[in-house]
Amino acid sequence: MNTKKILVAAAWPYVNGDIHIGHLAGYFIPADIFTRYSRLKGIDTVFVSGSDCHGTPITVEADKRGISAKELVNEYIPKVHEIINQYGISYSLFTSTITENHKKVTQDVFLNLFKNGYILKKKSLQYFSDTDNKFLPDRYVEGECPHCHSQGQRSDQCENCGRSLGFGELINPYSKLTKAPVTLKETEHYFIDYPKLEGQIKEYVLNHEGTWKDWVFKETIGFINEGLQERAITRDLDWGVEIPVNDLPEEERIEFADTKRFYVWFDAVIGYLSATIEYCNANGLDYRDYWNNKDAKHYYFMGQDNLTFHTIFWPGQLIGQNLNYNLPYFPSIVKFLNANGQKLSKSRGNIIDAKKVADHFGADLIRFYITSILPENKEGNWDWNDFKNSVNSELGGNIGNFIHRVLTFYKNKLNADKFDFEIDSELRNKIELAFTNVGDFLENGQFISALNEIKKLSTTGNQYFDYNKPWEKLKTDIPEAQRIIFNCIQLVNALRILINPFIPAASNKLSENLGLNILESEIDHDQFKFTKLSLAGITVVEQLQPLFKKIEDEHITAFNA
RNA sequence: CGCGGGGUAGAGCAGUGGCAGCUCGUAAGGCUCAUAACCUUGAGGUCGUGCGUUCGAAUCGCACCCCCGCAACCA
């Protein structure tokens with residue numbers, strides 16, 4: 001029994017649109033690979049996330065479609081679950097930010113910050129619509145540019161002359177929705193006193209120099225060195241977690257608190273904590289074993305736009321609790337994934353939909369390809385031709401074909417007999433090294449390198465097979481042919497385990513083909529290592545099919561049609 | 001002077017002072033157990049540009065050029 005515990009915290013998909021390959025690359029796939037790997041090692045690994053349901057983009061989208069925010073959210077949540085099932089993302093719990101539990105935890109976090117003196121009340125000016133009798137977020141406001149006097153400009157920057165605008169500079173501002181004029185009005189909000197937390201946050205970050213990826217560390221420390229500002233945690237909006245003003249002394253309540261909600265960034269990250277609590281409560285566990293136990297390491301997975309929220313603001317929220325919560329141990333952050341050399345964007349129309357692409361090609365192929373182009377240190381690019389080549393030659397030709405040629409040879413030429421040999425020591429060393437290297441790479445957020453180790457091992461297998469020519473030995477020296485295939489089957493078994501975190505469905509299919517139990521990630525065994533496989537324990541299925549089918553150009557053309 | 005990342009073979013990338021590497025693609029050869037798969041060998045690079053430090057620079061310094069992220073849709 002391994003006493004170590006790991007919390008895998010994947011970014012929360014924002015439910016105002018469909019999931020696409022950017023989300024897959026950003027957190028779904030890397031977080032799942034890591035979780036599966038960690039569980040195969042026998043480590044108690046809790047993997048949580050959920051739908052991020054609050055915030056202005058949700059209300060904007062809902063308004064645009066003439067439905068309520070809640071209706072919008074309820075429409076998208078099942079779609080996210082569909083993606084999770086389709087790709088086999090092995091969450092312990094995938095919840096949402098609209099649960100009672102999340103509301104309570106968020107309010108508790110706020111009250112603790114308040115109690116510990118990290119919350120400020122501040123008044124500022126905000127656009128207000130008299131007609132609607134409500135404050136409007138900046139994104140809802142348009143007006144005339146004070147510099148070039150073009151109409152219909154946003155409040156922060158003029159698209160016509162390119163100049164950025166100070167707050168309140170817009171001439172004749174009006175609501176984007178109702179076109180009714182808006183005025184600046186004073187409003188009161190809560191802020192987190194980040195300048196007060198800055199010292200502790202910086203110390204935390206400096207402690208991770210060398211363990212975090214270089215660019216992640218530099219970007220974080222660069223941001224801190226500019227000086228942290230007080231940061232608003234409430235907004236004038238009616239969609240979100242309510243502020244528990246009744247739990248505060250009268251003089252500390254902000255005015256019109258019932259018309260305000262927590263800002264989405266504040267409550268979304270708290271989801272990691274609230275989801276762990278929800279999961280533990282439902283399963284008779286104690287969340288403190290994950291959040292207060294110093295042997296529990298927290299791995300976070302997200303895209304680069306979320307960097308400061310997870311390396312600065314969220315740690316600050318946790319530090320300010322004074323509850324000795326574990327801080328993020330390793331933020332596995334990726335850059336953006338482009339498609340065909342262009343940024344993914346709805347307006348460019350080059351979004352590749354996660355559901356559609358898995359329906360068409362199968363989730364494992366997408367998992368494999370995305371992992372091979374993961375934007376670990378610089379932007380990645382989805383290219384259809386590259387996709388075809390990668391899947392056909394690396395996955396099908398190298399890995400898939402090695403497995404298939406070994407198993408068909410064993411079954412058809414050697415009658416699937418139960419012979420036993422000593423394992424070639426050189427091969428054994430290579431297999432053991434592959435397990436070590438893949439593990440080390442995964443623990444450092446280097447998924448591409450981890451995958452390359454697996455490809456290398458498969459290449460070793462193909463070389464071993466070719467060099468030893470078992471098909472010739474078959475005619476002259478059957479025991480030698482058996483010995484060679486015995487060794488190859490050990491390699492196949494190693495690959496079965498090694499590919500499991502990356503392409504679980506293929507790994508499970510291979511287990512079935514061998515009559516083995518599929519790798520059970522929940523059980524308490526250390527499975528991610530080399531173990532000699534006895535042929536007595538396997539039964540190759542009658543109808544042996546290749547694990548991966550080739551992708552033809554027509555498939556791609558059909559998908560893009 | 002905003003902060004940060006990147007520019008290395010046709011494509012995608014690794015490589016932070018010591019003969020320029022990996023995967024794919026490509027050329028030639030081999031094999032026939034296997035999904036025309038696999039194996040071997042080869043071609044292909046002024047390491048963005050210039051200057052400098054050094055016995056030695058992709059790697060360190062300075063200057064410059066180009067692409068990208070942090071601010072709308074968006075991970």
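Proteins get letters first, then strands, A, B, ... in listed order; numbering begins at 1 in each. For the numbers below, each heavy atom of this structure counts, side chains included, while hydrogens, waters and symmetry mates do not.
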Identity of whatever pairs with B:G21 - Watson-Crick or G-U, under 3.5 angstrom | B:C13
Ignoring hydrogens and angles, tell me if any N or O in the side chain of A:Asp364 forms a donor-acceptor pair with the backbone of A:Ala506 under 3.5 Å.
-> yes
Counting any heavy atom closer than 4.0 Å, what does A:Leu337 reach on the DNA or RNA strands: base, sugar-phosphate only, or nothing?
-> base
Just by distance, with hydrogens left out, do A:Glu61 and A:Asn16 show a side-chain donor and acceptor under 3.5 Å apart?
-> no
Take the protein atom CD of A:Gln545 and the nucleotide atom C1' of B:A34, then report the distance between them rounded to whole Å.
-> 13 Å
Partner of B:U35 under the Watson-Crick or G-U wobble criteria, both distances under 3.5 Å, comes out as none
With P as the reference atom in both, quote the distance from B:U32 to B:U59 in angstrom, rounded to an integer.
-> 49 Å
Protein-nucleotides 37-41 of chain B N/O pairs closer than 3.5 Å?
| unit_1 | atom_1 | unit_2 | atom_2 | d |
| --- | --- | --- | --- | --- |
| B:A37 | OP1 | A:Lys550 | NZ | 2.4 |
| B:A37 | O3' | A:Gly397 | O | 3.4 |
| B:A37 | O2' | A:Asn401 | OD1 | 3.0 |
| B:A37 | O2' | A:Asn401 | ND2 | 2.5 |
| B:C38 | O2' | A:Arg405 | NH1 | 3.0 |
| B:C38 | O2' | A:Asp466 | OD1 | 2.7 |
| B:C38 | O2 | A:Asp466 | OD2 | 3.4 |
| B:C39 | O4' | A:Asp466 | OD2 | 3.1 |
| B:U40 | OP1 | A:Gln463 | NE2 | 2.8 |

Kindly state whether the pair A:Trp471 / B:C33 counts as stacked, where counting means centroids closer than 5.5 Å and planes tilted less than 30° apart.
-> yes
Going by the angle between their ring planes, with limits at 30° and 60°, are A:Tyr194 and A:Trp265 parallel, tilted or perpendicular?
-> tilted
Would you kindly give the OH-to-P distance between A:Tyr27 and B:C74, to the nearest whole Å?
-> 12 Å
Between B:A58 and B:G50 - P atom distance, rounded Å = 13 Å
Starting at atom CG of A:Asn385, determine the distance to atom C1' of B:C24, rounded to an integer number of angstrom.
-> 10 Å
Fit a plane to each ring of A:His20 and A:His23, take the angle between them on a 0 to 90° scale, and name the class: parallel (under 30°), tilted (30 to 60°) or perpendicular (over 60°).
-> tilted
Comparing nearest nucleotides in RNA chain B, the 5'-proximal residue of the pair A:Ser390, A:Pro375 is A:Ser390
note: A:Asn452, atom CG; B:G21, atom P; distance rounded to Å ~ 18 Å
So, do A:His208 and A:Tyr204 sit near enough that their side-chain heavy atoms are less than 4.5 Å apart?
-> yes
Among B:G25, B:C70, B:U35, the one nearest any side-chain atom of A:Phe548 is B:U35
Interatomic distance at C1', B:G15 relative to B:C47, whole Å = 10 Å
Under 3.5 Å, side chain of A:Glu376 to main-chain N/O of A:Ile448, donor-acceptor pair present?
-> yes
Look at all strands and tell whether A:Gly26 reaches a base, only sugar-phosphate, or nothing, counting heavy atoms closer than 4.0 Å.
-> nothing
What integer number of Å spans the C1' atoms of B:C31 and B:A36?
-> 13 Å
Starting at CG of A:Leu228 and ending at C1' of B:C3, how long is that distance when rounded to a whole Å?
-> 14 Å
Take atom C1' in B:C60 and the same atom in B:A43, then report the distance between them in whole Å.
-> 34 Å
Separation of the C1' atoms in B:U53 and B:C62, to the nearest angstrom | 11 Å
Pairing of A:Glu75 and A:Arg65 as salt bridge, 4.0 angstrom limit = yes
Spacing of the P atoms in B:C70 and B:A9 (rounded, Å) = 27 Å
Under 4.0 Å between any heavy atoms, over every strand shown, what does A:Pro546 touch: base, sugar-phosphate, or nothing? Just pick one.
-> base
Protein-nucleotide distance (A:Trp265, atom CH2; B:C70, atom P), rounded to Å | 19 Å
Regarding the side chain of A:Phe336, the nearest nucleotide among B:C73, B:A34, B:C70 is B:C70
Do you see a donor-acceptor pair shorter than 3.5 Å between the side chains of A:Ser51 and A:Ser96?
-> no
Quick one: sort the A:Trp212 and A:Phe217 rings into parallel, tilted or perpendicular, breaks at 30° and 60°.
-> perpendicular
Result for 5'-nearest mapping on RNA chain B, choosing between A:Glu472 and A:Ile373, is A:Ile373
Determine the interatomic distance between P on B:C22 and the same-named atom on B:C39; round to the nearest Å.
-> 15 Å
Which nucleotide, in any strand shown, forms a Watson-Crick or G-U wobble pair with B:G2, with both distances under 3.5 Å?
-> B:C70
Whole angstrom is fine here: how far is it from NE2 in A:His310 over to P in B:C70?
-> 16 Å
Reading 5' to 3' through nucleotides 4-11 of chain B, protein heavy-atom contacts under 4.0 Å coded B for base, S for sugar-phosphate only, - for none = SSSS----
Does the ring of A:Trp471 carry A:Arg405 above it, NZ/CZ under 6.0 angstrom from centre and within 45° of its axis?
-> no
Check the distance between B:C33's P and A:Glu480's CD and give it to me in whole angstrom.
-> 17 Å
Close side-chain approach of A:His404 to A:Leu544, heavy-atom, < 4.5 Å = yes
Pairing partner of B:U49, by Watson-Crick or G-U wobble and under 3.5 Å for both distances, is B:A63
May I ask you to say whether A:Glu82 pairs ionically with A:Lys79, meaning some side-chain N is under 4.0 Å from a carboxylate O?
-> no
Counterpart base for B:A27, defined by Watson-Crick or G-U wobble contacts under 3.5 Å | B:U41
